[in-house]
Amino acid sequence: MKRAIAALLALGLSSCSAAAQAKGPKLIVAITVDQLSAEIFNQYRPHFTGGFRRLSGGIVFSDGYQAHGTTETCAGYATVLTGNHPARSGIIANNWVDFSLEREEKTMNCVEDASVARAPDGSYTVSSVNLRVPTLGDRMKAATPASRVVAVAGKDRAAAIPGGRSPDQRWWWSNGRFVQNNAAHPAPVAEQVNAAIAGAIARERAPLVPGPACEGKDRAVSLAGVGTVGAFRFQRRTGDSAAFARGPEMDAATLALAAALVQQLQLGRGEVPDLLSIGLSATDYVGHRYGNQGVETCLQLMSLDSDLGGFLTFLDRSGIDYAVVLTADHGVLDLPERQRQLGRANAARLDKGATAEAIGAEVARRLALPEPVFQGDFYLSDKVPAARRSEVLQLATQLLRAHPQVEGVWTKSELAAHPLPAGRAETWSLIDRQRASFDPQRSPDLAVAYKEGVTLISEPGEGAVATHGSPWDYDRKVPILFWWKDVLHQERSESAMTVDIVPTLASLIGLSIPAGEIDGRCLDLQPGPTTNCN
Ligand code: ZN
């Protein structure tokens with residue numbers, strides 16, 4: 001009898017939600033987990049019991065791609081909510097060199113508004129001004145001005161880029177609390193969340209206890225100059241806000257702020273859809289600091305799984321009709337020292353002789369030019385005389401190609417002449433991938449791809465033992481999950497790209513995007529003859 005009642009209830013609920021679905025969800029929740037590679041997601045998937053498990057019961061593209069070559073955070077975040085590759089979004093990397101800047105420091109951050117002078121401590125004004133294209137939220141607001149756009153994240157870039165041009169709320173973590181920089185958009189609940197965070201930071205944290213999923217992961221690997229990684233359990237001293245920010249507590253705090261803003265703004269309760277973007281940054285901090293095959297990433301993902309589950313339950317209880325997409329801004333490669341222990345023979349650290357600094361020094365010596373020849377990666381210094389620039393690039397290319405760790409080198413004119421790739425991401429050549437990361441104003445003078453398995457950190461240091469950024473699939477492949485209430489579970493084996501997320505979400509809320517404006521294509525999420533894509 002109980003079962004019959006439950007079945008009736010389920011029937012009633014599902015028909016009710018199907019009716020709502022016809023008009024589309026009223027809240028889009030776009031979650032990006034920083035550095036959640038497809039490899040690590042698939043490895044832990046059987047162990048998830050919380051939010052990741054729920055979302056894995058939706059429509060799962062386990063072969064998702066951040067298709068471009070320079071797999072960095074800013075570039076990846078920009079693809080997710082613009083539908084464009086970096087070549088079109090303009091967000092090609094975390095930083096680029098701009099010699100037209102009047103200040104001495106020519107490197108700028110992807111979310112820096114360079115028209116505003118930096119503060120004495122070097123901090124910049126956070127903005128989305130460098131985005132060359134609208135975000136999904138910008139398009140929603142253009143179509144239905146009452147739509148609200150809220151972006152919260154651990155990292156400034158992970159809030160500013162998805163937030164687009166005129167977010168209603170945009171919060172990121174800075175020095176022990178969540179901050180924003182738009183006084184016209186106060187949020188009293190954010191102050192409550194910050195007060196709770198201050199209370200949590202003031203308490204010490206005991207080491208986390210690894211569960212069965214983490215069995216066999218708790219193994220220390222010694223790294224010269226760093227100590228050991230692989231066995232840290234996130235114990236924290238009282239008052240250590242930096243340690244709070246680089247572990248599971250940070251993502252929990254980010255989700256708490258997201259929930260508080262949903263409540264304060266009553267997101268998802270209007271006539272038109274709202275957008276909530278959540279950037280979960282801790283997995284990336286953990287991965288860079290400890291790599292991802294130790295107990296640290298296991299503890300981080302298990303905590304996040306649980307906190308994400310709590311957040312989704314909160315949304316359920318609020319009765320909002322919502323749809324979720326979850327993906328990542330890039331993947332990662334575990335540290336080479338452990339990769340070799342685990343059988344990846346080609347894992348190595350980048351030889352210092354193949355860096356821009358070393359190649360530049362050799363070019364300067366041979367051509368009797370003053371150093372530096374290159375600045376901030378392979379940007380030709382503005383001190384190199386115009387008449388000698390092509391000679392410098394030619395010699396640098398020759399030296400790079402002769403290095404055993406270099407796979408390919410391309411000049412700006414070569415990339416500019418190469419067509420933007422179309423078709424499935426797994427068929428893209430290396431030059432295709434670099435072309436999708438190319439912007440004529442912002443890209444370096446040489447694009448260099450190192451061999452597969454090369455970690456782009458020559459010497460490990462505290463906080464930086466493993467990384468991403470390469471055009472290889474371990475850095476490109478990310479999960480893409482869609483979920484809403486009563487969604488029909490589908491494991492989709494065909495590849496999809498993160499640029500496909502915007503047109504797909506747009507189709508769910510009936511938002512039209514003029515043909516040719518974005519690189520992504522709508523993913524058909526409905527089995528059978530009907531389609532969400534028109
Ligand atoms: Zn990232």
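Start at 1 with the first residue, then count along the sequence. Counting convention: from 1, in listed order, for ligands and their atoms alike.
At a threshold of 4.0 Å, the pair Asp274-Lys141 does not count as salt-bridged, since none of the basic side-chain nitrogens sits closer than that to a carboxylate oxygen. Taking a cutoff of 4.0 Å between a charged side-chain nitrogen and a carboxylate oxygen, Arg233 and Asp218 qualify as a salt bridge. Salt-bridge annotation for Glu459 and Arg349: absent, with no side-chain N of the basic residue lying under 4.0 Å from a carboxylate O of the acidic one.
Taking backbone and side-chain atoms together, Asp34 has an N/O/S atom less than 2.8 Å away from the Zn ion (ligand 1). None of the N, O or S atoms belonging to His468 lies under 2.8 Å away from the Zn ion (ligand 1). Not one N/O/S atom of Tyr77, from backbone or side chain, sits under 2.8 Å from the Zn ion (ligand 1). Within the coordination shell of the Zn ion (ligand 1), defined by N, O or S atoms under 2.8 Å, Asp284 is absent.
Side-chain contact check for Lys217 versus Pro210: every heavy-atom pair is 4.5 Å or farther apart.
Note: angle at the Zn ion (ligand 1), from NE2 of His330 to OG1 of Thr73, is 110° (rounded to 10 degrees).
Closest approach between the Zn ion (ligand 1) and any N/O/S atom of Asp329 involves OD2.
In this pair, Phe378 and Phe374 present their aromatic rings perpendicular. The plane angle is above 60°, beyond the 30 to 60° band.
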